Amino acid sequence: MKKIIEVRDLKTVFGSRVVHDGLNLTINEGEIYGLLGPSGCGKTTLLREMVLLQEYAAGSINILDNNLKNISYQEAQNLRQKWGVLFQSGALFSSLSIKENIALPLKEYTQLNQKIIDEIVALKISLVGLKQEDAHLFPSQISGGMKKKAGLARALAMDPQLLFLDEPTSGLDPISAREFDSLILKLRDTLGLSIVMVSHDLQSIYDTLDKMAIIDNKKIVYEDTLQNLSSSESPFVQTFFKERL
């Protein structure tokens, strides 16, 4: 299997607080990989470090053969075009319509004309299960589930190799959450994506993940498949997964 992300001896410090102290993990091409752990363990912080939104104190993160510590501005810009990010709340721009939100990366990073951009936006809207008439609505006019789908469509606008999802099912009702899980699996299989997902949704974890890393007490206490989970002696694992072990 081809490695697409490697984290080695990662240390993250906020002031006097150490969040990560020597994290190591490996993510392979084509995997849906989960970042799990108790609240405050630094799951989202790690995801933010991976997408160049957060500095880390020591160690290394290598993504698609790029060392993030030594990356130049132009290399970083090129790398950002190879991934998409869905933030927990969708992070849509409230003053832009759904269509304009999805088109934003295409206008920012490409020289495509408006006709082609419109065609790509229509394709992405359809891909995530929204209706074409939704394109002209604004974030304040749509439901939480639709915001997630619109955010996902924007994350897919540049045809990325990698997709980062931060709590993609949080705030959704159970039916919408399971629909979103199915959509994630479909997109991975259809588009050949590699997906990194922060989650605490137990059903989503069981339905979607190929592999996971569990962060607890500043370290990775488990990195493997769900099938081998019973071998972990971590108190968090024993508590969180107690009904499934």
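Side chains included, hydrogens not; waters and symmetry mates left out as well; all remaining heavy atoms used. As the structure is a prediction and not an experimental result, all values here were calculated from the model.
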### Query
Can any side-chain N or O of Thr169 pair as donor or acceptor with the backbone N or O of Ala177 at less than 3.5 Å?
no

Could you pull out all donor-acceptor pairs under 3.5 Å where a side-chain atom in residues 138-147 meets a protein atom, sequence neighbours excluded?
unit_1	atom_1	unit_2	atom_2	d
Gln141	OE1	Phe138	N	2.8
Ser143	OG	Met146	N	3.2

### Which atom of Leu229 lies closest to which atom of Tyr206, heavy atoms considered
CD2-OH, 4.2 Å

#### Entry: Any donor-acceptor pair under 3.5 Å from His200 side chain to Leu36 backbone
no

### Message
With rounding to the nearest 0.5 angstrom, report the CD1 to OG1 distance, Ile5 to Thr26.
### Response
10.0 Å

### Task
For Arg80 and Tyr109, run side chain to side chain contact (heavy atoms under 4.5 Å, CB included): C-alpha distance rounded to whole Å, both residues' side-chain angles, the deciding distance at 0.1 Å, then the answer.
CA-CA 9 Å; Arg80 287 186 179 102; Tyr109 289 111; 3.8 Å; yes

### Task
May I have the step-by-step check of side chain to side chain contact (heavy atoms under 4.5 Å, CB included) for Ile195 and Glu31, ending in yes or no?
CA-CA 6 Å; Ile195 299 174; Glu31 286 181 335; over 6 Å; no

### Query
Is the shortest heavy-atom distance from the side chain of Leu163 to the side chain of Val85 under 4.5 Å?
no

## Note on the structure
Rounded to the nearest 0.5 angstrom, the CZ-NZ distance for Arg48 and Lys43 is 14.5 Å

### Message
Donor-acceptor pair, distance only, cut-off 3.5 Å: does the side chain of Arg8 make one with the backbone of Ile61?
### Response
no

### Query
Do the side chain of Asn101 and the main chain of Ser97 share a donor and acceptor less than 3.5 angstrom apart?
yes

### Query
Pairs in or reaching into residues 152-195: which pass ring pair (Phe, Tyr, Trp, His ring centres under 6.0 Å), with residues at least two apart or in two chains?
Trp83-Phe164

### For Asp118, all residues meeting salt bridge (Lys or Arg N to Asp or Glu O under 4.0 Å), sequence neighbours excluded
Lys99

### Exam field: side chain Arg154 to backbone Lys149, donor-acceptor pair closer than 3.5 Å
no

#### Entry: Closest approach of Leu193 to Pro160 (non-hydrogen atoms, all atoms of both residues)
CD2-O, 3.1 Å

#### Entry: Electrostatic pair Asp65-Lys2, nearest N-O below 4.0 angstrom
no

### Message
What verdict does the side-chain hydrogen bond (donor to acceptor under 3.5 Å, both in side chains) test give for Ser126 and Gln132, after you've listed the backbone C-alpha separation in whole Å, the side-chain angles of each residue and the deciding distance to 0.1 Å?
### Response
CA-CA 7 Å; Ser126 176; Gln132 293 302 321; 4.9 Å; no

### Message
Rounded at 0.5 Å granularity, tell me how far CG in Asn66 sits from NZ in Lys69.
### Response
15.5 Å

### Message
Is the shortest side-chain heavy-atom distance between Asn28 and Ile4 below 4.5 Å?
### Response
no

### Task
Determine the minimum heavy-atom distance between Ile102 and Ala153, stating which atoms define it.
CD1-CB, 3.6 Å

#### Entry: Heavy atoms from other residues, nucleotides or ligands near CZ of Phe14 exceed 12 (cutoff 6.0 Å)
yes

### Query
So which of Ile215, Ile220, Val19 actually passes side-chain contact (heavy atoms from CB on, under 4.5 Å) with Leu46?
Ile215

### Message
Which residue is it: Ile27, Leu162, Thr45? I am looking for the one with a side-chain contact (heavy atoms from CB on, under 4.5 Å) to Met50.
### Response
Ile27

### Message
With a 4.0 Å cut-off on N to O distance, would you call Asp201 and Arg178 a salt bridge?
### Response
yes

#### Entry: Heavy atoms from other residues, nucleotides or ligands near CD of Glu55 exceed 12 (cutoff 6.0 Å)
no

### Query
Looking only at atom types and distance, does a side-chain atom of Lys148 sit under 3.5 Å from a main-chain N or O of Ser170, one as donor and one as acceptor?
yes

### Query
Tyr56, Leu35: one ILVMFWY side-chain cluster at the under-4.5 Å cut-off?
yes

### Query
Does Asn217 CG have over 12 foreign heavy atoms under 6.0 Å away?
no

### Message
So does Asp21 get a backbone contact from the side chain of Lys219, meaning a donor-acceptor N/O pair under 3.5 Å?
### Response
yes

### Query
For atom CD of Gln114, is the number of surrounding heavy atoms from other residues, nucleotides or ligands below 6.0 Å larger than 12?
yes

### Query
How far apart are the C-alpha atoms of Ser204 and Asp181, what are their side-chain angles, what is the distance that settles it, and do they pass the side-chain hydrogen bond (donor to acceptor under 3.5 Å, both in side chains) test?
CA-CA 6 Å; Ser204 182; Asp181 289 340; 2.7 Å; yes

### Message
I'd like to know if Leu104 and Leu106 are part of one continuous hydrophobic network [Ile/Leu/Val/Met/Phe/Trp/Tyr, side-chain heavy atoms within less than 4.5 Å].
### Response
no

### Query
Are Leu86 and Ile63 connected in the hydrophobic side-chain network, where two residues link if heavy atoms are under 4.5 Å apart?
no

### Task
State, with a plain yes or no, whether a side-chain heavy atom of Leu185 is found less than 4.5 Å away from one of Thr208.
yes

### Validation row: Ile205, Asp207 side chains within 4.5 angstrom (heavy atoms)
no

#### Entry: Atom NZ of Lys3: over 12 foreign heavy atoms under 6.0 Å
no

### Task
Give, for atom CG of Leu130 and atom NZ of Lys124, the distance between the pair rounded to the nearest 0.5 Å.
13.5 Å

### Query
Within the distance-only criterion (no hydrogens, no angle test), does the side chain of Asn24 pair as donor or acceptor with the backbone N or O of Asp9 below 3.5 angstrom?
yes

### Task
To the nearest 0.5 Å, tell me how far Glu179 CD sits from Lys186 NZ.
11.5 Å

### Task
Measure the shortest side-chain to side-chain distance between Leu152 and Leu187 over non-hydrogen atoms and say whether it is less than 4.5 angstrom.
yes

#### Entry: Under 3.5 Å donor-acceptor, Asn113 side chain and Lys115 backbone
yes

### Message
Looking at every heavy atom in both Glu75 and Ile71, which two are closest together, and how far apart are they?
### Response
CB-CG1, 3.4 Å

### Query
How far does CD of Gln88 sit from CG of Leu47, to the nearest 0.5 angstrom?
11.0 Å

#### Entry: In one Ile/Leu/Val/Met/Phe/Trp/Tyr side-chain cluster, 4.5 Å: Leu202, Ile214
yes

### Query
Does the side chain to side chain contact (heavy atoms under 4.5 Å, CB included) test come out yes or no for Asp210 and Tyr33, once each step is laid out?
CA-CA 6 Å; Asp210 297 308; Tyr33 188 103; over 6 Å; no

### Message
For a quick test of reading the model, state the closest non-hydrogen atom pair linking Met212 to Leu209 and the distance between them.
### Response
CB-CD1, 4.0 Å

#### Entry: Verdict with supporting geometry, Thr110 and Ile116, side chain to side chain contact (heavy atoms under 4.5 Å, CB included)
CA-CA 11 Å; Thr110 76; Ile116 294 175; over 6 Å; no

### Query
Are Val7 and Ser60 close enough that some pair of their side-chain heavy atoms sits under 4.5 Å apart?
no

### Task
Taking Lys131 for its side chain and Ile125 for its backbone only, find out whether a donor-acceptor pair lies under 3.5 Å.
no

#### Entry: Non-hydrogen side-chain atoms of Met197 and Glu167 separated by less than 4.5 Å
no

### Query
Are Met158 and Leu165 joined in one hydrophobic group, where the rule is that I, L, V, M, F, W and Y side chains link up if heavy atoms are under 4.5 Å apart?
yes

### Query
Would one find more than 12 heavy atoms of other residues, nucleotides or ligands at under 6.0 Å from atom NZ of Lys218?
no

#### Entry: Minimum heavy-atom distance Ala103-Ile117, with the two atoms named
CB-CG2, 3.7 Å

